[in-house]
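Numbers for residues simply follow the sequence, beginning at 1.
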Amino acid sequence: MLKEKRAIGIASMFLFLLCMLIARLVQIQLVSTESFSKHHVNLIEESVNQRVQSIMLDDGRGKFYDRANNLLNYEQVNTLILFPFLKKMTWPVEELAGIINVSPTELKEAVQKAKEPFLFTIGDKPIILTESQMDDINDLKTPGVFATVRDMPTETKVAEHLIGGLNGSSELKEKRYGDRNLSLKTKIGDKGLQQTLDEFLLSEGESRLVYHVDGMGGPLFGINVKYLAPGNPLYPVKVNTTIDLELQRAAEEIVDSNKIEKGGIILLDIASSEILASVSRPHVGKDPNEGDGAKNAMFKQAAVGSVFKTVVAASALEEKVVDENELFNCNMTINGSVDKRRSEPLGMLNFSNSFAQSCNRTFADLAIRLSKKDPNLLEQYAKRLQLIGESGWNGPIYHSSIKQLFLEDDGRVWLDETNKKDLNFISQTAIGQKDVQATPLAVANMMATIARNGEKKMVKAVSKIEFANGTTAAEFEDMDIKGDKIAPATAKRLQQLLRGVIQNEKGTAALQLRNLPIQVAGKTGTAQTDIANGKVNSWFGGYFPADNPKYAIVAVKLDTDENLANGSATKVVKDYIQKMMEIEKIK
């Protein structure tokens, strides 16, 4: 009886193990073929990989283009691809070497070292073929030797913070997309447009050159190389950005030549409120999540200094707390003491000259008058001018809300409500110190708003997303920003004041910008950020041509030396406008 129970027990155990084995086989063969284990391994792909040698031509992720249809941060290159099984066969190495002008030995050594298909390189750069060379190579009809076009990342990235990067983290993919079956090789957007538009950009599969091989890795003759691409004809998508590649490259050059270690430049098209160029420094580092390079300085708020006087001027004009003929004692500081910091006293100035020469006392007095009328006026007019609040495009696409610009700060006027009642804090706020913060993007949008006579628009970095067959996947229409606006008459007067900063011979930007062939309007700003170490933020925000505004521009050097030994933000703008004239973007 005991033996019988033992036999039944053993048989049951074996039956259980057999069932488990069958269940596992069913899972592997039928159920989880495309997403096996917590790593989501595609078993079909892996089984095919054992029988083929292949090389990726394109990862299938959507690409970014500028407004003139130029590919951004990638280039299409005519390349030579060689397969490692060539080492086991006789192939026309001398003839190929003659076509591409290299020695046969170089080709043989490269193939001998290879364990998988590869791009033939000279040094560390892929050889670039002419169309004629491509035809001659493919006419050889040699298995394992192919000339083809491949999208290759460019050595130098443009608009790297605006566009963003990629991340292959399994944890991040699972956090963002949950149970969606994404391949282990799939990368997702990390910051910038890559992240905000990630749903559109996700790869539907790679495009590869595939050659079937036998068990020893040799070619199966009679079977031609295959081009394998995703079955969905709509992908990969094409993202049409608003960037002008020529202006972007010029901006990158000017920022670096002016030694901006922290800060950058942003250029908007005033009519459409589209970003034409955007440069942030420092560069993205090896770890894209560490340091100042992980942030887009154009979308991060910073102390703006006297740029904020534009808001005070608008408030004073519209609330009628200033008499244009009134004189202000500009030899005095905001707290009533004699200003000893200036090498040359400003004297008694009217409202226009106070703005042109950036008299602190004038705007401190006006801010106090405004606060007595209504403590919230400065904040209200900052919103009307779009200096605070989000400027970036946001709206519904396919029943969901999309924000184009990644982690754009709101900016602020007051950090503490009680500061609105303190006359000293009000005076500091009037000159863009204390709690006042704004992004370079917002300053640019404020200048564009003034140039448009008070009309507020959302700022775009992308105009349209297209499917691979050319049909539209999403279109980002021009959109106004809702809310109160300044009166057109106020905008017209601000335009005159902004021109005076350059055209007045004593204006704060006259030295750099007055003699340019293109007339500019704008405002300078110097905000103290670290008094002990003599660090400031140097700003210029404005637009040009002043009489027919087309471009709004902001340059900023953050936490730079107070003596501005390497030049001010105004000089950056001067150099950039001259560069734009040189490449005939403005005349």
Side-chain angles (χ1 to χ4, degrees), residues 52-158 206-211 219 221 223-230 236 238 240 243-246 248-250 252-253 466 468-470 583:
V52 301
Q53 288 183 358
S54 67
I55 185 170
M56 183 183 72
L57 299 181
D58 187 88
D59 63 4
R61 186 172 176 84
K63 299 289 192 300
F64 292 86
Y65 294 76
D66 85 336
R67 65 198 299 115
N69 205 35
N70 297 304
L71 193 57
L72 295 176
N73 295 336
Y74 282 84
E75 57 184 339
Q76 292 189 323
V77 178
N78 297 337
T79 58
L80 171 63
I81 293 176
L82 300 175
F83 280 66
F85 58 67
L86 288 169
K87 68 184 74 170
K88 299 182 179 181
M89 56 182 282
T90 302
W91 56 292
V93 61
E94 288 81 8
E95 195 170 348
L96 176 60
I99 293 172
I100 62 175
N101 300 314
V102 300
S103 71
T105 302
E106 285 184 80
L107 287 170
K108 290 177 182 178
E109 288 179 351
V111 170
Q112 197 63 39
K113 295 176 183 177
K115 295 182 179 180
E116 56 187 23
F118 65 99
L119 294 180
F120 180 69
T121 62
I122 295 180
D124 59 351
K125 294 183 179 180
I127 188 169
I128 300 177
L129 307 172
T130 65
E131 293 293 331
S132 175
Q133 286 175 318
M134 288 185 68
D135 291 339
D136 290 344
I137 290 169
N138 289 330
D139 284 344
L140 294 175
K141 300 187 184 307
T142 302
V145 178
F146 304 101
T148 188
V149 178
R150 190 180 188 195
D151 287 344
M152 301 285 291
T154 55
E155 286 188 26
T156 304
K157 305 292 184 186
V158 298
E206 300 171 342
S207 299
R208 307 184 72 87
L209 277 183
V210 177
Y211 209 102
F221 294 103
I223 300 178
N224 294 323
V225 67
K226 292 183 178 180
Y227 173 76
L228 297 184
K238 174 184 177 183
N240 297 304
I243 292 294
D244 182 307
L245 183 56
E246 200 168 13
Q248 178 67 35
R249 285 175 173 159
E252 306 261 359
E253 177 187 328
E466 295 179 348
N469 62 4
I583 60 179

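Stacking of Lys115 on the aromatic ring of Phe85 is not recorded, the 6.0 Å distance cut-off and the 45° axial limit not both being met.
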For Phe146 and Phe83: C-alpha separation, side-chain torsions, deciding distance, then whether ring-ring contact (aromatic ring centres under 6.0 Å, His included) applies. CA-CA 9 Å; Phe146 304 101; Phe83 280 66; 5.7 Å; yes
For the pair Thr142 and Glu95, evaluate side-chain contact (heavy atoms from CB on, under 4.5 Å) and give the outcome as yes or no after the intermediate values. CA-CA 11 Å; Thr142 302; Glu95 195 170 348; over 6 Å; no
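The shortest side-chain heavy-atom distance between Leu96 and Asp136 does not fall under the 4.5 Å cut-off. Looking at Thr79 and Phe120, their side chains never come closer than 4.5 Å, going by heavy atoms from C-beta outward. Side-chain contact between Ile81 and Leu57: present, with at least one pair of heavy atoms (C-beta onward) separated by less than 4.5 Å. In this structure, the side chains of Glu94 and Pro104 come closer than 4.5 Å at one or more pairs of heavy atoms. No side-chain heavy atom of Ile127 sits under 4.5 Å from any side-chain heavy atom of Thr121. Side-chain contact between Val93 and Leu86 is absent, with no heavy atoms from C-beta onward closer than 4.5 Å. Gln248 places none of its side-chain heavy atoms less than 4.5 Å from the side chain of Leu72. In this structure the side chain of Lys63 reaches within 4.5 angstrom of the side chain of Asp58, judged on heavy atoms.
The side chain to side chain donor-acceptor pair (under 3.5 Å) search around Glu131 returns Asn78, not counting sequence neighbours. Under the rule for a side-chain contact (heavy atoms from CB on, under 4.5 Å), the partners of Gln133 that lie at least two apart in sequence or sit in another chain are Ile99, Asn101, Leu129, Thr130. Glu253 meets the side-chain contact (heavy atoms from CB on, under 4.5 Å) test with Lys579; sequence neighbours excluded.
Lys238 places no side-chain N or O within 3.5 Å of a backbone atom of Glu466 that could act as its donor or acceptor partner. Side-chain atoms of Asn73 never come within 3.5 Å of backbone atoms of Pro153 as a donor-acceptor pair (strictly under, hydrogens ignored).
Interatomic distance, CG of Asn240 versus CD1 of Ile243, reported as 12.5 Å (0.5 Å rounding). Separating the OG1 atom in Thr156 from the CD atom in Glu252 is a distance of 9.0 Å, to the nearest 0.5 Å.
Taking each heavy atom of Lys87 and Gln112 in turn, the nearest pair found is NZ-O, 3.2 Å.
Counted within 6.0 Å of CZ on Arg249, heavy atoms from surrounding residues, nucleotides or ligands total 12 or fewer; the atom is thus considered open.
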